[in-house]
Amino acid sequence: MEIDYQLSDDVREKIEAEAKKYPSRRAAVKSALRYAQQEHGWVSEGVVNSVAAMLSLQPIQVYEVATFYDMFYTQPVGRHRIRVCTNVSCMLRGSKDVLDQLKNRLGVDVGETTSDGKVALFEAECLGACGGAPMLICNDRYVENLTPEGVDQLLSELD
Ligand code: FES
């Protein structure tokens with residue numbers, strides 16, 4: 001199990017810049033985890049320990065944030081993360097069909113990663129883009145007004 005993880009200088013600088021914005025370093029945990037996850041791919045125990053040390057917190061104070069927000073992955077996931085919104089607006093506009101298409105194309109169920117480690121598929125609660133329903137987020141990119149062709153196009157763009 002990875003207990004130690006060395007954050008890069010670039011990530012450490014970004015975390016320090018975030019921490020300076022708040023009266024308490026604890027307020028920077030979410031931003032710190034976002035930068036660390038972008039670099040490492042997921043939030044391992046080593047990442048939690050490194051972020052905690054940087055922000056002068058106990059690891060549990062970082063871990064509780066990492067496990068509260070579903071955009072943080074506490075297990076290894078695919079290089080690309082697709083999160084399909086299945087909340088009300090998207091559900092009414094066909095998100096189930098989008099999800100079924102992705103499951104079939106990728107050969108995985110929700111919460112799983114393809115065997116080649118390329119894509120992980122998740123459901124998401126409302127992502128605040130109801131006007132573009134049905135929609136998903138792929139890594140950090142919103143893809144809205146999805147059609148079957150749009151889903152195929154998205155998958156063809158993933159390396
Ligand atoms: S319900 Fe899907 S973005 Fe709001």
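As the structure lists them, so they are numbered: ligands from 1, and atoms in each ligand from 1. The first residue of the sequence shown is numbered 1, and numbering continues consecutively from there.
The closest side-chain donor-acceptor pair between Gln153 and Glu149, if any, does not fall under 3.5 angstrom. Defined by atom type and a distance below 3.5 Å, a donor-acceptor pair is present between the side-chain atoms of Thr114 and Asp116.
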Stepwise salt bridge (Lys or Arg N to Asp or Glu O under 4.0 Å) test for Glu157 and Arg141: CA-CA 12 Å; Glu157 292 169 2; Arg141 180 165 69 106; 3.0 Å; yes
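Here atom 4 (Fe) of ligand 1 has protein N, O or S atoms under 2.8 Å from it, and they come to 2.
Each of Tyr142 and Val119 belongs to its own hydrophobic cluster when Ile, Leu, Val, Met, Phe, Trp and Tyr are linked at side-chain heavy-atom distances under 4.5 angstrom. Cluster membership for Met71 and Leu127, using ILVMFWY side-chain heavy atoms within less than 4.5 angstrom, is not shared.
Between Arg25 and Ser56, the shortest heavy-atom contact is NE-OG, 4.4 Å.
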